[in-house]
Amino acid sequence: MTPIPDRLLDRAVRRAAERCAHPGHLAFTARQLYYETDRTLLPLHRGPHRLRYTTRPLLSAERFAASLARQPQLPVLPDLVAPRPHRPGPEGDLYDYAFPRLLVCQDPAIAAMLLANRLHLEGACPILTPERLPLDARLLAALERAEGAVVHVLHDASPAGLELFRRVREHAGPRLRVRTMGLLPRHAAALHLAALAGQPPCDADDLPPELPAAERNWLARGRVAELAAVRPARLLRTVLRTVRGGGFAPPARPAAPTRARDTGFLTWPTP
């Protein structure tokens, strides 16, 4: 494929930034802008909704980074490579309240994006990242005081994401409900997301048996769909509707399923 001239690439990045911010000047990360730029240049995601497939990003990360460096005026949140160590602060009597829901987000940059867009306020939902595991005993007690409290886990469609869900469910114990908000391979296929290839493969038998065989095989081949591949507005809308318990989200289920069909998996809306 003929390389895209820098001038056209820079224009595509600016157009993608406008789309990421729509509606209402949303905050977004550089990684989200990368995926939106890839969709702007090569709109492979526009296939028929009835088809289920993922694409692959065709824009090189190096060229995107160079274009972003040429346009420092773009309002991009920093992508956090590694979370900062958590230092307990003066929470005071915060833990004396009852928390009806909690969100654990695998990607620190996405967690920062959710916070920047005030999702924790609109959804009345504290947002934590994996370095806060195991969950503070006082936080668990606050959740247990709220009838029907749910711990949601937002993660990539990857073995590491599913492992995070398992860890949170283990830390939460049997008295709290824990749900995975996704992503799962089925969500990535329904939304026609760009998926990364070439990740270390794994054994399909080591993945959760609740997943259909096709999804376990997809993950076992070393494919990953990142949360950042979802458009910011859709991600915010999905997370907010889920933590509020409305729309497409089915009722939360116990952390330790007793039936094979009781998987604890949510379904994202299709386009």
Backbone N/O of [Y] and side chain of [X]: donor-acceptor pair under 3.5 Å:
X: Q71; Y: L68; result: no
X: R244; Y: E122; result: yes
X: Y34; Y: L59; result: yes
X: N117; Y: L119; result: no
X: R52; Y: H49; result: yes
X: H187; Y: L184; result: yes
X: Q106; Y: D156; result: yes

Where [X] and [Y] come nearest, the two heavy atoms and their spacing:
X: A204; Y: N217; value: CB-OD1, 3.8 Å
X: H155; Y: G161; value: CG-O, 3.5 Å
X: Q32; Y: V230; value: NE2-O, 4.1 Å
X: L77; Y: A112; value: CD1-O, 4.4 Å
X: P126; Y: L102; value: O-CD1, 3.5 Å
X: A30; Y: V76; value: N-CG1, 3.1 Å

Is any side-chain heavy atom of [Y] closer than 4.5 Å to one of [X]?
X: R221; Y: P201; result: no
X: R186; Y: P212; result: yes
X: H152; Y: V104; result: no
X: F64; Y: L9; result: no
X: V151; Y: R177; result: no

(request) For the pair H45 and T55, evaluate side chain to side chain donor-acceptor pair (under 3.5 Å) and give the outcome as yes or no after the intermediate values. (result) CA-CA 7 Å; H45 63 292; T55 64; over 6 Å; no
(request) Decide yes or no on side chain to side chain contact (heavy atoms under 4.5 Å, CB included) for R63 and I4, but give the supporting numbers first. (result) CA-CA 10 Å; R63 290 212 63 204; I4 301 170; 4.0 Å; yes
(request) Answer yes if the side chains of T40 and R19 hold a donor-acceptor pair under 3.5 Å, and no otherwise. (result)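 A donor-acceptor contact under 3.5 Å links the two side chains.
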With rounding to the nearest 0.5 Å, note down the distance linking [atom1] in [X] to [atom2] in [Y].
X: L162; Y: R216; atom1: CG; atom2: CZ; value: 11.5 Å
X: R231; Y: L26; atom1: CZ; atom2: CG; value: 12.5 Å
X: L154; Y: C105; atom1: CG; atom2: SG; value: 4.5 Å
X: C202; Y: L207; atom1: SG; atom2: CG; value: 4.5 Å
X: L128; Y: H120; atom1: CG; atom2: NE2; value: 11.5 Å
X: L227; Y: D107; atom1: CG; atom2: CG; value: 6.5 Å

Single-linkage hydrophobic cluster, 4.5 Å side-chain cutoff, [X] and [Y] together:
X: L143; Y: L164; value: yes
X: V153; Y: V224; value: no
X: V239; Y: I127; value: yes

Is the [atom1] atom of [X] crowded by more than 12 outside heavy atoms at less than 6.0 Å?
X: R175; atom1: CZ; result: no
X: R118; atom1: CZ; result: no
X: Q73; atom1: CD; result: yes
X: R166; atom1: CZ; result: yes

(message) Using the rule given for side chain to side chain contact (heavy atoms under 4.5 Å, CB included), can you reason through Y35 versus E226, listing the C-alpha separation, both sets of side-chain angles and the distance that settles it, and then say yes or no?
(response) CA-CA 10 Å; Y35 280 110; E226 297 181 332; 2.8 Å; yes
(request) List in chain and number order the residues that pass side chain to side chain donor-acceptor pair (under 3.5 Å) with E18, two or more places apart in sequence or in another chain; answer none if no residue qualifies. (result)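 With neighbours one apart ignored, the set is empty.
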(request) Could you please spell out the steps behind the side chain to side chain contact (heavy atoms under 4.5 Å, CB included) verdict for V178 and V150? (result) CA-CA 6 Å; V178 179; V150 183; over 6 Å; no
(message) Working note: L236 + M113, criterion side chain to side chain contact (heavy atoms under 4.5 Å, CB included); need CA distance, chi angles, decisive distance, verdict.
(response) CA-CA 9 Å; L236 287 165; M113 175 262 186; 3.8 Å; yes
(request) Classify the ring geometry between H192 and Y53 as parallel (under 30°), tilted (30 to 60°) or perpendicular (over 60°). (result)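 H192 and Y53: parallel rings.
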(request) Please test R167 against E170 for salt bridge (Lys or Arg N to Asp or Glu O under 4.0 Å), starting from the C-alpha separation and ending with a verdict. (result) CA-CA 5 Å; R167 287 174 57 204; E170 178 182 283; over 6 Å; no
